[in-house]
Amino acid sequence: MKKLAILMVLAIAPMASAAWVDNFDSYADQAALDAVYTQMYPAVPMMLDTTLSNSPSNSIHPGAANVNYTVRMYKNFGEELAGSDAAPLEVKFMTYMTDATDWWCREYIEMRGYSGSGYNDGDLQELIAQGATSSEVDTSKYYVRTLTGDGKENADVARIADEWVELKALIKTSTVEYYVNGVLAADSPRDPSYTFDCVVIGSGLSSRVDVNFDDLSIQVIPEPASLALLALGGFALIRRR
């Protein structure tokens, strides 16, 4: 009976492969965060925020808004990640900005792929970005970017202040779909030959707006049609037993 129950769970449970999930709550202090992520500018690190979060109790942010700071950090995956139409690579996170009207806001999260095996190892081949920027786009809206596709463009949603907002990209075989709070807001073609080996948080550029990030999730998730096939296969095994 236990074997049948296990088969049923395997058949109907979402088969998600977690590449990197971080709600930033497990870090006791800044040193703990710095031990996991590489700070590109150690003198001005991406900081742990214990006063504001989407899910209790921490988030991260670049610190006090300033027009001259450079704050950025990255995490190498140690593997190459790719999405497909049947199993998209989902990249989502929560973001909170204190000012939605200031055009000089440059804070975002990027998925990057290099010809080597991690950040800045060889040539940059692919980049997927979500957040806010101040150049080449409508600065009143959220910003997305597909390096091998349409480049910089707007998500068709205005920025929201003083509220947690979910930004999500579904990276498929040759397209990327961008969502804001679950609503499709932009899409772009992409070169299917390139994979991803790291995530980069922050722009490393000046910004007048402090932006928080929380609940970062990067994982491959089969679409409903694929899950249905898995379920049918599981129930078939149960009937045979």
Side-chain angles (χ1 to χ4, degrees), residues 14-24 52-55 59-61 81-103 105-111 126-190 192 196 199-203 209-228:
M15 303 292 286
S17 172
W20 186 250
V21 176
D22 199 345
N23 61 11
F24 306 104
L52 178 66
S53 64
N54 178 64
S55 62
S59 66
I60 56 171
H61 70 138
L81 303 181
S84 67
D85 293 341
L89 178 60
E90 179 190 78
V91 183
K92 67 179 179 180
F93 56 90
M94 303 300 293
T95 184
Y96 186 105
M97 59 174 54
T98 55
D99 188 335
T101 60
D102 193 328
W103 67 272
C105 178
R106 297 192 283 191
E107 291 296 338
Y108 37 79
I109 291 182
E110 299 173 337
M111 290 286 286
E126 183 60 297
L127 180 154
I128 302 296
Q130 304 175 84
T133 193
S134 62
S135 59
E136 302 176 38
V137 294
D138 182 347
T139 57
S140 69
K141 296 182 178 181
Y142 290 102
Y143 143 83
V144 299
R145 182 183 181 187
T146 312
L147 183 64
T148 62
D150 292 333
K152 292 183 178 179
E153 59 179 325
N154 286 118
D156 193 23
V157 177
R159 297 177 187 172
I160 302 170
D162 300 322
E163 181 180 318
W164 284 101
V165 175
E166 182 191 77
L167 300 184
K168 179 175 74 174
L170 286 182
I171 304 171
K172 300 186 175 182
T173 304
S174 55
T175 60
V176 184
E177 297 173 357
Y178 296 98
Y179 295 80
V180 178
N181 282 338
V183 177
L184 180 63
D187 59 75
S188 174
R190 68 169 297 262
F196 301 89
V199 60
V200 180
I201 303 174
S203 71
V209 181
D210 192 16
V211 176
N212 282 63
F213 299 109
D214 201 359
D215 297 328
L216 173 63
S217 172
I218 301 166
Q219 57 187 344
V220 175
I221 301 181
E223 289 189 325
S226 300
L227 291 174

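Counting only heavy atoms from C-beta outward, the side chains of I218 and L81 approach each other to under 4.5 Å. Taking 4.5 Å as the limit, every side-chain heavy atom of E153 sits out of range of all side-chain heavy atoms of V137. Using a 4.5 Å heavy-atom cutoff, the side chains of I128 and V176 are in contact.
Heavy-atom minimum distance, E166 versus M94: CB-SD, 3.5 Å. Residues I171 and R190 come closest through the heavy atom pair CG2-CD, 3.8 Å. In plain terms, the two heavy atoms of S188 and D150 that are nearest each other are OG-N, 2.9 Å.
Taking CG from N181 and CG from L167, the interatomic distance works out to 8.0 Å, rounded to the nearest 0.5 Å. Note that CZ of F93 and CG of N54 are 12.5 Å apart. Values are rounded to the nearest 0.5 Å. Atom CG of residue L127 and atom CE of residue M111 lie 10.0 Å apart, to the nearest 0.5 angstrom. Rounding to the nearest 0.5 Å gives a distance of 7.5 Å between CG of D22 and CD1 of I201. Annotation: the span from D214 atom CG to L52 atom CG amounts to 8.0 Å, rounded to 0.5 Å. The structure places CD1 of I109 at 6.0 Å from CD1 of I60, a figure rounded to the nearest 0.5 Å.
Between the side chains of D138 and N154, no donor-acceptor pair of N or O atoms lies under 3.5 Å. Q219 and S217 share a donor-acceptor pair across their side chains, judged by distance under 3.5 Å alone. Side-chain polar atoms of Y178 and T146 form a donor-acceptor pair below 3.5 angstrom. Remark: the S55 side chain and the N23 side chain contain no N/O donor-acceptor pair separated by less than 3.5 Å.
Proximity of a side-chain donor or acceptor of Y143 to a complementary backbone N or O of S134 within less than 3.5 Å is not detected. The closest donor-acceptor contact from the side chain of E107 to the backbone of G131 lies at 3.5 Å or more, if one exists at all. Side-chain atoms of T95 come within 3.5 Å of backbone atoms of N212 as a donor-acceptor pair (strictly under, hydrogens ignored). The backbone N or O of P192 lies less than 3.5 Å from no partner atom in the side chain of S174, so there is not a single donor-acceptor pair.
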Chi angles and distances behind the side chain to side chain contact (heavy atoms under 4.5 Å, CB included) call for Q130, Y108: CA-CA 5 Å; Q130 304 175 84; Y108 37 79; 5.9 Å; no
Steps toward side chain to side chain contact (heavy atoms under 4.5 Å, CB included) verdict (R159, T139): CA-CA 9 Å; R159 297 177 187 172; T139 57; 4.0 Å; yes
Test log, rule side chain to side chain contact (heavy atoms under 4.5 Å, CB included), inputs K92 and Y179: CA-CA 9 Å; K92 67 179 179 180; Y179 295 80; over 6 Å; no
Test log, rule side chain to side chain contact (heavy atoms under 4.5 Å, CB included), inputs V165 and V180: CA-CA 7 Å; V165 175; V180 178; 3.8 Å; yes
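Scored by the salt bridge (charged side-chain N to carboxylate O under 4.0 Å, His left out) test, R106 finds no partners at all (sequence neighbours excluded). For V209, the side chain to side chain contact (heavy atoms under 4.5 Å, CB included) criterion is met by M97, T98, D99, D102, C105, S207, V211, not counting sequence neighbours.
Note on ring orientation: taking the six-membered ring where Trp is involved, the planes of W164 and Y96 are tilted (angle from 30° to 60°).
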